[in-house]
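Numbering of ligands and ligand atoms starts at 1, following listing order. Along the sequence shown, residues carry numbers from 1.
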Amino acid sequence: MGGGGLDGDWAVLPSPPLAEVTLTLVGKISTGKSATANCILGTQAFASELAYVSVTETCQKSSASFHDGCGATRTVNVIDTPGLFDMEISIEDARKEIVKCIEMSKGGIHAMLMVFSATSRFSCEEEKTVESIKRFFGGQILDHIILVFTHGDVVEDEAAWEKVLAERSPVYLQDMIKLCQNRVVLFDNLTNNIEHREMQRRKLLAAVDFVISSNGGKAFSYQMFPQILGDAIDTYEKMKTIFGHPMSEKVESTSLLCFYQNKIIKEMKASLDANFRSVLNLSSTINGNVDENLNCTEEEIQRLKERLEKSQKEHDNAENLRRLEEEKMKEQKKEINNLREELERARRVEMARKEKEIQRFMESLDLANKEKDNYRTMYENKCIVM
Ligand SMILES: Nc1nc2c(ncn2[C@@H]2O[C@H](COP(=O)(O)OP(=O)(O)OP(=O)(O)O)[C@@H](O)[C@H]2O)c(=O)[nH]1
Ligand SMILES: [Mg+2]
C-alpha cells in the first residue's frame, strides 16, 4: 500500500515511537483477525483457521518484542477478539467481551485494527459491524482505528485495488476511510516471504505510530467513556435517523457506558482511599520525623549543654587560677614590701649603730687628743722646770 495509507499521508511522526503499544483487532468472524495478529507478533499465538463458526471464542492477549531497527526494542501487545458484532453473538456477550478486552489493555488501546477481507464485498453487515463498534466504544474510537484488509495475496494490483477502494467502494466505506484519515493497510497473512512479512509488519506499525502521535500519545481507555457519553448518544441519535436502529440498542450502548461510569466512580473512590491512606502514612511519617528530629534536638541540646558546662568549668578554672595568681602576686608584693621595710629598718639600725660607733670613736679620739695635749703640756712644763 504505497508509502503509507491511501494517500501516503501518515508517514510523519512528530513524536518518538512508544516502547510499548497495545493493539486490538476487531471485525466480523473469519475476516482474518487472528491470522493478522499472528503476523504482527511473528508467532502462531492465536488459532487461525477456515471455519463457518467463530474460531476465536473469547478475547485473548499475546505480546512480542522487536528491535525497531534504530537500536531500541519495542513491545507490541495484541488483543485478538472473536467476531463481536455478528448476528450470532448476543449484545450481552459482546458487552462482556468488550469489557474483557478493555480490562486486558491495561494502559489503554493505542490502535484498533478493524479487520475486513479484501475479497469480500463491503456489505450492510460490515457497515453494521462498524456502527456497533462506534456505538459500543463511542465516536472517539475513530481516532484510533486502522482499517486492515486481509487476503492481500488475492489482490493482484495493489494500486488498482486502492483506486477501487477510494472511488468504487460504498459511500459508507469511503466516508469511513476519510474519517480514519486514510489509515488503510493491506495484509497478506499467507505469505511465506519473510521480507514481505517484515515489510507489512513495519508498515502496520508505522500506521499505529501515526495513530498514536495523532492522539498525542494518548491511548483509548475506558476513562474516556464519561467524555464520550454525550458524543456516543449524539452519534447514536444521528445513526438512528439514518439507519433506524431499534431503541434497545441505545439502552445497550448506554448500559456499557454506565458500567464504565460506575467502574470509574469505584476507581476514583479507591484512588481517594489510597490518597487518604497515603496522606495518613505521610502524616505519621512526618510525626515520626518530628519525634526523631525532637530526639535529635534534645540530644543536640544535651551535647551543647555539656559543652557549655565544660567550657564554663574551664573558664571558672581559668578565673580561679587567675585569682590565685593575683593573690599570689599580692602576697609576693606584700612580702617584697615587708622585706623592703625590714631592710630599711635594718639599714637604719645599722646606720644608727655606725653613727654611734663613729660618735664613740670621735669621743675616744677627742679624749686621746686631750690626753695627748695633757702629756705635751706636762712634758713641756717638766722641761721648763729642769
Ligand atoms: N488467503 C488468505 N487467507 C487468509 C488471510 N488471512 C486469513 N486468512 C484465512 O482466513 C481464515 C480465517 O482466519 P482467522 O484468522 O481464523 O480469522 P478470524 O477473523 O480470527 O476468525 P474468528 O476468530 O473465527 O472470528 C483462515 O483460514 C485463514 O487462513 C489472508 O491474508 N489471505
Ligand atoms: Mg480469530
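When non-hydrogen atoms are compared, ligand 1 lies under 4.0 Å from the side chain of D153 (C-beta onward) but not from its backbone. With a heavy-atom cut-off of 4.0 Å, F46 does not touch ligand 1 at all.
The existence of a salt bridge linking K354 and E357 is excluded, since no basic side-chain nitrogen approaches an acidic carboxylate oxygen closer than 4.0 Å. Using a 4.0 Å cut-off between charged nitrogen and carboxylate oxygen, E306 and K310 do not count as a salt-bridge pair.
Among all non-hydrogen protein atoms, the one lying nearest atom 23 (O) of ligand 1 is T56 OG1, 2.8 Å. The single protein non-hydrogen atom nearest to atom 6 (N) of ligand 1 is N189 ND2, 3.0 Å, given as residue, atom name and distance. Counting protein heavy atoms only, atom 29 (O) of ligand 1 is closest to L190 CD2, 3.9 Å. Atom 16 (O) of ligand 1 has E49 N, 3.1 Å as its closest protein atom, hydrogens excluded (heavy atom only). Scanning the protein for heavy atoms near atom 21 (O) of ligand 1, the closest one is S30 N, 3.1 Å. Atom 24 (O) of ligand 1 has its closest protein heavy atom at V55 N, 2.6 Å. S48 OG, 3.9 Å is the protein heavy atom nearest to atom 28 (C) of ligand 1.
Counting heavy-atom neighbours within 6.0 Å of R121 CZ, excluding the residue itself, gives a total of 12 or less. Atom CD of E198 sits in a crowded spot, with more than 12 heavy atoms from other residues, nucleotides or ligands closer than 6.0 Å. With a 6.0 Å radius and a threshold of 12 heavy atoms from other residues, nucleotides or ligands, E319 has its CD atom above the threshold.
Between D80 and ligand 1, a contact under 3.5 Å exists for no N or O pair. In terms of polar-atom proximity, defined here as any N/O pair under 3.5 Å, V154 makes no such contact with ligand 1. In terms of polar-atom proximity, defined here as any N/O pair under 3.5 Å, L50 does make such a contact with ligand 1.
Atoms of ligand 1 lying under 4.0 Å from at least one heavy atom of A35, given by number and element, are 6 (N), 7 (C), 15 (O). For ligand 1 and I29, the ligand atoms under 4.0 Å from any heavy atom of the residue are 25 (O). Of all atoms in ligand 1, listed by their number and element, those nearer than 4.0 Å to a heavy atom of S54 are 24 (O). Applying the 4.0 Å criterion to heavy atoms of F187 picks out, from ligand 1, the atoms 31 (O). Contact atoms of ligand 1 toward G32: 7 (C), 13 (O), 14 (P), 15 (O), 17 (O), 18 (P), 19 (O) (distance under 4.0 Å to a heavy atom of the residue). Heavy-atom contacts of D188 reach the following atoms of ligand 1: 31 (O) (cutoff under 4.0 Å).
In this structure, S48 and N38 have side chains that are in contact, with non-hydrogen atoms separated by less than 4.5 Å. V26 has its side chain within reach of T24: a pair of non-hydrogen atoms, C-beta onward, lies under 4.5 Å apart. Using a 4.5 Å cut-off on side-chain heavy atoms (C-beta onward), E341 and N338 make contact. Within the 4.5 Å cutoff, the side chain of T191 has heavy atoms near those of the Q200 side chain. No side-chain heavy atom of E126 sits less than 4.5 Å from a side-chain heavy atom of Y172. Side-chain contact between E344 and R348 is present, with at least one heavy-atom pair separated by less than 4.5 Å.
The side chain to side chain donor-acceptor pair (under 3.5 Å) test with E20 is passed by exactly one of N77, T75, T73: N77.
Metal site remark for the Mg ion (ligand 2): T56 contributes an N, O or S atom at a distance under 2.8 Å. For S34, the nearest N, O or S atom to the Mg ion (ligand 2) falls under 2.8 Å.
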(request) Would you check, one step at a time, whether the test ring pair (Phe, Tyr, Trp, His ring centres under 6.0 Å) holds for F149 with F187? (result) CA-CA 6 Å; F149 285 84; F187 236 76; over 10 Å; no
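In this comparison of K33, H151, K28, Q200, the heavy atom closest to atom 10 (O) of ligand 1 sits on H151.
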